[in-house]
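One structure below.
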Amino acid sequence: MVADLIDAPTATWKTDVLKSLFNTVHVRKICAIPLAKSELSDELVWRYDGSGKYTVKSGYQLLRLAYSNPLSGPVNSVVDYSRFYSDLWSVVLPAKVKVAMWKICNNYLPTFVNMQLRKLNVDNCCLFCKSAAESVEHIMRD
Ligand SMILES: [Zn+2]
């Protein structure tokens, strides 16, 4: 445990223990991590909001950013596609077409790959070409 590497009374790293476990480069990096001099209790902090407090609104905004990359599903990038979706919803098309587009962009189609991800026992091979897995990208792009 990390606590075994820290001398609690002096709030310093146990360098002798670190040197026995890690190489000099890692020991130097570990020792560069500052340790708290006073005992503070752990607490949960929501780092995606300036207030530090989680709200449903801030969670929703984070999810919107994290899951809004069309055709690639959840990603770590924070590219904002809100303009894309605003434009999509403002286009004059039947609602079912817009919803289908939204499902395609968010990888919500019941493809064989998605069914396997949801633990369904299906073969993910494309029924048309039989040469690739049936994913949204394969159906719509490839
Ligand atoms: Zn195919």
Side-chain angles (χ1 to χ4, degrees), residues 1-91 93 95-142:
M1 289 181 58
V2 174
D4 298 331
L5 305 174
I6 299 170
D7 183 39
T10 61
T12 57
W13 291 103
K14 294 178 182 175
T15 52
D16 53 328
V17 176
L18 291 173
K19 287 176 182 173
S20 69
L21 296 172
F22 304 103
N23 64 35
T24 54
V25 173
H26 289 127
V27 169
R28 196 168 348 113
K29 288 182 178 181
I30 292 169
C31 288
I33 299 171
L35 296 172
K37 298 295 178 193
S38 60
E39 284 195 32
L40 297 171
S41 61
D42 292 337
E43 67 180 82
L44 295 175
V45 176
W46 179 247
R47 66 184 177 128
Y48 300 103
D49 184 298
S51 72
K53 302 286 183 203
Y54 173 80
T55 62
V56 173
K57 182 179 178 183
S58 66
Y60 174 76
Q61 287 172 339
L62 176 65
L63 281 174
R64 250 185 87 217
L65 289 176
Y67 286 84
S68 63
N69 190 351
L71 297 180
S72 66
V75 292
N76 290 329
S77 73
V78 287
V79 177
D80 187 4
Y81 284 91
S82 58
R83 173 71 193 257
F84 169 78
Y85 290 115
S86 295
D87 292 347
L88 173 65
W89 295 121
S90 65
V91 173
L93 285 172
K96 64 182 180 183
V97 174
K98 293 179 188 179
V99 170
M101 288 287 297
W102 181 84
K103 286 181 176 179
I104 292 166
C105 291
N106 287 286
N107 195 16
Y108 288 146
L109 291 181
T111 63
F112 289 139
V113 169
N114 285 343
M115 288 182 198
Q116 280 189 335
L117 289 172
R118 286 163 182 78
K119 311 295 184 201
L120 293 175
N121 187 16
V122 293
D123 181 13
N124 72 0
C125 186
C126 174
L127 293 176
F128 295 105
C129 68
K130 300 194 185 322
S131 65
E134 188 195 72
S135 64
V136 170
E137 293 86 359
H138 179 72
I139 293 171
M140 304 309 296
R141 186 186 62 211
D142 302 338

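Heads up: numbering here begins at 1 and tracks the sequence.
Annotation: the span from Asp142 atom CG to Cys129 atom SG amounts to 9.0 Å, rounded to 0.5 Å. To the nearest 0.5 angstrom, Asn107 atom CG is 11.5 Å from Met140 atom CE. We find the CG-NZ distance between Asp123 and Lys130 to be 9.0 Å, quoted to the nearest 0.5 Å.
No side-chain heavy atom of Val17 sits less than 4.5 Å from a side-chain heavy atom of Asp4. Between Lys57 and Tyr60 there is no side-chain heavy-atom pair separated by less than 4.5 Å. The shortest side-chain heavy-atom distance between Ile30 and Leu5 does not fall under the 4.5 Å cut-off. Here the side chains of Phe112 and Ser135 are not in contact, with every heavy-atom distance at 4.5 Å or above. Annotation: side chain of Trp13 is in contact with side chain of Ile33 (closest heavy-atom distance under 4.5 Å). With a 4.5 Å cut-off on side-chain heavy atoms, Val91 and Asp87 do not count as touching. Put simply, the side chain of Ser58 does not reach to within 4.5 Å of the side chain of Tyr48, judged on heavy atoms. Contact check for Asn114 versus Val136: side-chain heavy atoms found under the 4.5 Å cut-off.
Applying the salt bridge (charged side-chain N to carboxylate O under 4.0 Å, His left out) criterion to Asp16, with sequence neighbours excluded, gives no partner residue. For Phe22, there are no ring-ring contact (aromatic ring centres under 6.0 Å, His included) partners at least two apart in sequence or on another chain.
Closest of all the heavy-atom pairs between Lys98 and Leu93 is CE-O, 3.5 Å. Contact between Leu35 and Thr12 at its shortest, heavy atoms only, is CD1-C, 3.6 Å. Nearest heavy atoms, Ala133 versus Val113: CB-CG2, 3.7 Å.
When only modelled atom types and interatomic distance are considered, Asp7 and Thr10 share a side-chain donor-acceptor pair under 3.5 Å. Side-chain polar atoms of Gln116 and Asn124 form a donor-acceptor pair below 3.5 angstrom.
No more than 12 heavy atoms of other residues, nucleotides or ligands lie within 6.0 Å of NZ in Lys103, so this atom counts as exposed by the packing criterion. Shown here is Leu44, whose CG atom has no more than 12 heavy atoms of other residues, nucleotides or ligands within 6.0 Å. For CE of Met115, the number of neighbouring non-hydrogen atoms (other residues, nucleotides, ligands) closer than 6.0 Å is greater than 12.
With Glu134 contributing its side chain and Cys125 its backbone, the two residues share no donor-acceptor pair below 3.5 Å. For the pair Asn106 (side chain) and Trp102 (backbone), a donor-acceptor distance under 3.5 Å is present.
Taking the six-membered ring for Trp and thresholds of 30 and 60 degrees, Trp46 and Tyr54 have ring planes more than 60 degrees apart, a perpendicular arrangement.
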